[in-house]
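We count ligands from 1, going down the list as the structure has it; atoms in each ligand are counted the same way. Start at 1 with the first residue, then count along the sequence.
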Amino acid sequence: MPVVAIVGAGVIGMSWARLFAEAGWEVRVSDPRPDLAELVAEQLAGLPATAVADPAAAADGADFVQESGPERIELKHELFAALAANTGEDVVLASSSSSLLPSVIAEGNAAAGRIVIGHPFNPPQLMPLVEVVPGTETAPETVDRAVEVYRALGKLPIKLRKEVPGFVGNRLQKVFNDQAMYLVQQGVIAPEDLDELVKASLGLRWATIGPFESMHLGGGPDGMRHLVGHVGSQMTFEIGHPDREHLEDVFEDVERVYGTGAENYREHVEQRDRATRAILGALDSAGARK
Ligand SMILES: NC(=O)c1ccc[n+]([C@@H]2O[C@H](COP(=O)([O-])OP(=O)(O)OC[C@H]3O[C@@H](n4cnc5c(N)ncnc54)[C@H](O)[C@@H]3O)[C@@H](O)[C@H]2O)c1
């Protein structure tokens with residue numbers, strides 16, 4: 001049975017842990033949190049998973065490492081130094097980081113060739129995408145091996161040609177979320193209405209065809225060329241940016257609509273996961289998923 005070390009047992013790490021364990025990997029979960037053993041026993045009950053607090057010990061003898069610790073560069077440097085020193089020459093050291101460049105994570109690391117970003121969307125257990133982002137020193141074999149492992153887990157790994165801050169998914173998300181906050185701040189729409197608007201239009205569309213295919217179809221038989229020259233020619237207005245210093249009203253609005261607290265969070269996550277599974281199942285039935 002192959003062994004994976006999951007370093008960081010937060011939202012993302014625990015979801016990776018379940019995914020790997022259900023795919024037949026022996027999982028070692030590492031985290032300094034004092035309740036680690038209870039967390040693993042409770043959330044990964046019946047699966048081949050153990051709690052190993054020390055990351056170096058968790059990585060020792062592992063075939064693959066998926067780091068999902070806090071998004072702080074000094075901590076990632078420290079962790080990757082320990083992971084590099086305690087793994088074999090052919091072991092991929094993947095980071096789930098949402099924004100840190102792989103070249104920066106690998107700075108000064110003797111195993112820079114083995115370091116790569118394997119960025120999931122939350123929750124990794126359900127969301128198909130993993131962005132595989134090489135740094136300037138990442139070896140091509142590292143990228144190939146990471147792609148192979150993620151594919152075997154049932155994920156859709158997409159390789160970026162080069163690193164860029166925020167990678168692709170989060171750059172797109174940033175533009176979109178900034179505009180959503182701006183529109184609420186400007187009093188154009190309420191957060192709950194914006195959410196419904198997106199679910200009933202762009203969300204559904206983008207689950208079936210991406211932005212480029214959508215633009216191409218939107219232009220009719222003449223395709224994207226026609227759309228951009230025709231409807232697109234009027235889309236020249238400035239879109240504005242949210243005032244990040246004054247988001248309190250937006251936070252309060254969102255909390256009023258969706259609530260707060262652990263129990264409320266659990267209920268919302270369950271509903272989200274149920275709906276995500278249903279959509280993935282429907283796309284599978286329609287043969288609309290790679
Ligand atoms: N939350 C998301 O939506 C999301 C999505 C994709 C990627 N990511 C990335 O995944 C990583 C983890 O994010 P998260 O949301 O799970 O964070 P989180 O705060 O839920 O979990 C981080 C975990 O790391 C642990 N930790 C602290 N110090 C550590 C150390 N020295 N060694 C090992 N573990 C340590 C913490 O105890 C905590 O359990 C980040 O790099 C983040 O950018 C997050």
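- Relative to atom 11 (C) of ligand 1, the option among A53, G69, S97 with the closest non-hydrogen atom is G69.
- By heavy-atom distance, the residue among D31, I105, I12 lying nearest atom 1 (N) of ligand 1 is I12.
- Short contacts between ligand 1 and V7, defined as distances under 4.0 Å to a heavy atom of the residue, involve ligand atoms 33 (C).
- Between Q179 and H241 the shortest side-chain heavy-atom distance does not fall below 4.5 Å.
- L156 and I209 sit in two unconnected hydrophobic clusters of ILVMFWY residues. Membership requires side-chain heavy atoms under 4.5 Å apart, directly or through other members.
- No option in Q66, K155, R145 other than Q66 meets the side-chain hydrogen bond (donor to acceptor under 3.5 Å, both in side chains) test with Y150.
- Under 4.0 Å from ligand 1, the heavy atoms of H119 that appear belong solely to its side chain.
- Among S98, P70, S95, the residue whose heavy atom lies closest to atom 24 (O) of ligand 1 is P70.
- Using a 4.0 Å cut-off between charged side-chain N and carboxylate O, R266 and E270 make a salt bridge.
- Protein heavy atom nearest atom 6 (C) of ligand 1, with residue, atom name and distance: P120 O, 3.2 Å.
- Between P123, P32, S99, it is P32 that holds the heavy atom closest to atom 28 (N) of ligand 1.
- No side-chain donor-acceptor contact under 3.5 Å links T142 to the backbone of V92.
- In terms of protein heavy atoms, atom 20 (O) of ligand 1 is closest to V11 N, 3.1 Å.
- The protein heavy-atom contact nearest to atom 41 (O) of ligand 1 is E71 OE1, 2.6 Å.
- Using a 4.5 Å heavy-atom threshold, the side chains of V4 and I6 count as touching.
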- Item | side-chain contact (heavy atoms from CB on, under 4.5 Å) assessment of T138 paired with I115 | CA-CA 6 Å; T138 308; I115 296 175; 5.5 Å; no

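- Nearest-heavy-atom check against atom 9 (C) of ligand 1 across G169, S96, P34 picks out S96.
- Scanning all protein heavy atoms for the shortest distance to atom 3 (O) of ligand 1 gives N122 CB, 3.5 Å.
- Residue L79 touches ligand 1 through its side chain alone, judged by heavy-atom distances below 4.0 Å.
- Side-chain contact check for N109 versus L83: every heavy-atom pair is 4.5 Å or farther apart.
- When the heavy-atom distances from atom 22 (C) of ligand 1 to G8, S68, P55 are ranked, the shortest goes to S68.
- R18 places a side-chain N or O within 3.5 Å of a backbone atom of Q43 that can act as its donor or acceptor partner.
- By the definition of a contact as any protein heavy atom under 4.0 Å away, atom 17 (O) of ligand 1 is not in contact.
- If you look at K76 next to ligand 1, the close heavy atoms, those under 4.0 Å, all belong to the side chain.
- Without hydrogens or angle criteria, R289 side chain to A282 main chain gives no donor-acceptor distance under 3.5 Å.
- Below 3.5 Å of separation, one finds no N or O of L75 facing any N or O of ligand 1.
- Here the protein heavy atom with the shortest distance to atom 21 (O) of ligand 1 is G10 CA, 3.2 Å.
- Ion pairing of K76 with E71 is present here, as a side-chain N (NZ or NE/NH1/NH2) and a carboxylate O approach within less than 4.0 Å.
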